[in-house]
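Remarks on the structure that follows.
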Amino acid sequence: MDIGVISVRYARALLKSALDAKLEDTVYVEMQQLAKCFVEVPQLRQTIDNPMLSKETKATLLVTAIGGEKASELSRSFVTLVLKEDRENMIQFMANSYVTLYRKQKNVIRGKLVTAVAVSPAMEQKMRSMVESHAQGTVEFEAEVNPDIIGGFILEYDTYRMDASVKTQLGSILNTLKK
């Protein structure tokens, strides 16, 4: 069996348990946090993969990454199960699979707005509402400031990308002039 199949099976089981316990939103946040820790702290992967480290130490590290003392009992039990089955090398993939399955189940779409300068909360909300009306679902919206685009904005969600940045428009004009 490959990592993808195993990870999705564990994530599916976790989502089913979370739905039954009405903890799916809490576990969603915790799995996002765990996945984020693996990305931001590369040593975590090496540490969890270390066969010399005890299961208890690995459990403590993983629960801390999930949220420490605030971690739900379901997530703690999940970590214990993963360690008991010697699948800790796949837990990052399981966390990412859970996030993906949750988003599909709840019709959650990720959106991103990139602007040259920070936008007001009202403008950000207006863009979020526009995306939600087109996407017909809940949108997790992220605003990012990137001065390199000079002006305008770039809006991305699902598979849609609208690039109304000054940088892109200037590049287009430059390409036209070169012809």
Side-chain angles (χ1 to χ4, degrees), residues 3-4 7-8 10-12 14-15 18 23-49 61-68 70-72 75 89-179:
I3 291 174
S7 300
V8 169
Y10 274 81
R12 228 182 246 131
L14 178 60
L15 181 58
L23 290 171
E24 69 272 15
D25 298 337
T26 302
V27 175
Y28 174 63
V29 170
E30 292 171 344
M31 291 300 115
Q32 281 183 308
Q33 179 62 33
L34 179 60
K36 183 179 173 186
C37 284
F38 274 105
V39 170
E40 292 179 353
V41 185
Q43 299 87 349
L44 181 58
R45 158 80 18 236
Q46 297 164 347
T47 304
I48 296 303
D49 288 346
L61 282 170
L62 291 169
V63 169
T64 300
I66 288 171
K70 296 177 186 174
S72 68
S75 291
N89 62 325
M90 298 180 197
I91 198 161
Q92 178 181 8
F93 300 103
M94 293 173 193
N96 285 322
S97 295
Y98 180 90
V99 168
T100 301
L101 291 170
Y102 174 92
R103 286 181 179 148
K104 188 174 181 182
Q105 172 91 21
K106 299 285 188 168
N107 196 23
V108 175
I109 298 150
R110 296 196 52 159
K112 184 176 182 181
L113 175 65
V114 181
T115 55
V117 295
V119 295
S120 68
M123 179 55 75
E124 188 177 325
Q125 182 57 42
K126 186 176 180 180
M127 296 297 264
R128 178 191 321 265
S129 297
M130 182 183 77
V131 170
E132 284 179 345
S133 69
H134 283 280
Q136 297 172 347
T138 306
V139 176
E140 286 182 350
F141 210 68
E142 175 187 340
E144 181 183 307
V145 174
N146 181 353
D148 292 343
I149 69 168
I150 304 169
F153 65 91
I154 301 170
L155 178 64
E156 299 173 329
Y157 67 91
D158 204 16
T159 58
Y160 179 78
R161 177 181 166 97
M162 179 179 175
D163 190 340
S165 66
V166 173
K167 180 179 180 179
T168 300
Q169 291 172 5
L170 289 174
S172 176
I173 292 168
L174 184 62
N175 285 336
T176 304
L177 292 174
K178 286 183 179 179
K179 291 180 181 178

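Taking both residues in full, the closest heavy atoms of V166 and G152 are given as CG2-N, 4.1 Å, listed atom of the first, atom of the second, then distance. In plain terms, the two heavy atoms of E24 and Y98 that are nearest each other are O-OH, 3.1 Å. Across N89 and R45, no two heavy atoms sit closer than the pair O-NH1, 3.4 Å. The heavy-atom pair separating I66 from L34 by the smallest distance is CG1-CB, 4.1 Å. Across all non-hydrogen atoms, the minimal contact from E30 to K70 is OE2-O, 3.9 Å. Smallest separation of non-hydrogen atoms from I154 and S165: CG1-CB, 4.2 Å.
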**OP:** Apply the test side-chain contact (heavy atoms from CB on, under 4.5 Å) to residues Q105 and L101: give CA-CA distance (whole Å), side-chain angles for both, the deciding distance (0.1 Å), then the verdict.
**Re:** CA-CA 6 Å; Q105 172 91 21; L101 291 170; over 6 Å; no

Subject >> side-chain contact (heavy atoms from CB on, under 4.5 Å) assessment of D25 paired with Y102 >> reply: CA-CA 9 Å; D25 298 337; Y102 174 92; 2.4 Å; yes

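Note that the CD atom of Q43 and the CG atom of L61 stand 11.5 Å from one another [nearest 0.5 Å]. Atom OG of S75 sits about 6.0 Å away from atom CG of L14, to the nearest 0.5 Å. Put simply, CD1 on I109 and CG on N107 are 5.0 Å apart, with the number rounded to the nearest 0.5 Å. Expressed to the nearest 0.5 Å, how far CD of Q32 lies from CD of E140 amounts to 5.5 Å. Taken to the nearest 0.5 Å, the CE atom of M162 stands 4.0 Å off from the CZ atom of F153. Here the CD1-CG distance, from I149 to D163, works out to 7.5 Å after rounding to the nearest 0.5 Å.
The closest side-chain heavy-atom distance from L62 to I91 is below 4.5 Å. In this structure, V99 and R103 have side chains that are in contact, with non-hydrogen atoms separated by less than 4.5 Å. Using a 4.5 Å heavy-atom threshold, the side chains of S7 and Q92 count as separate. Annotation: side chain of L170 is not in contact with side chain of L174 (no heavy-atom distance under 4.5 Å).
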List the atom pairs, with distances to 0.1 Å, where a side-chain N or O of residues 113-130 and a protein N or O form a donor-acceptor pair under 3.5 Å, not counting sequence neighbours.
| from | atom 1 | to | atom 2 | distance (Å) |
| --- | --- | --- | --- | --- |
| T115 | OG1 | V117 | O | 2.6 |
| S120 | OG | M123 | N | 3.1 |
| Q125 | OE1 | R128 | NE | 3.4 |
| Q125 | NE2 | S129 | OG | 3.2 |
| S129 | OG | Q125 | O | 3.0 |

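For residues 143-157, the side-chain hydrogen bond (donor to acceptor under 3.5 Å, both in side chains) pairs, not counting sequence neighbours, are K112-E144, E156-R161.
Of the N and O atoms on the side chains of S97 and T100, not one donor lies less than 3.5 Å from an acceptor on the other residue. Using modelled atom types and a 3.5 Å distance limit, the side chains of E132 and T138 yield no donor-acceptor pair.
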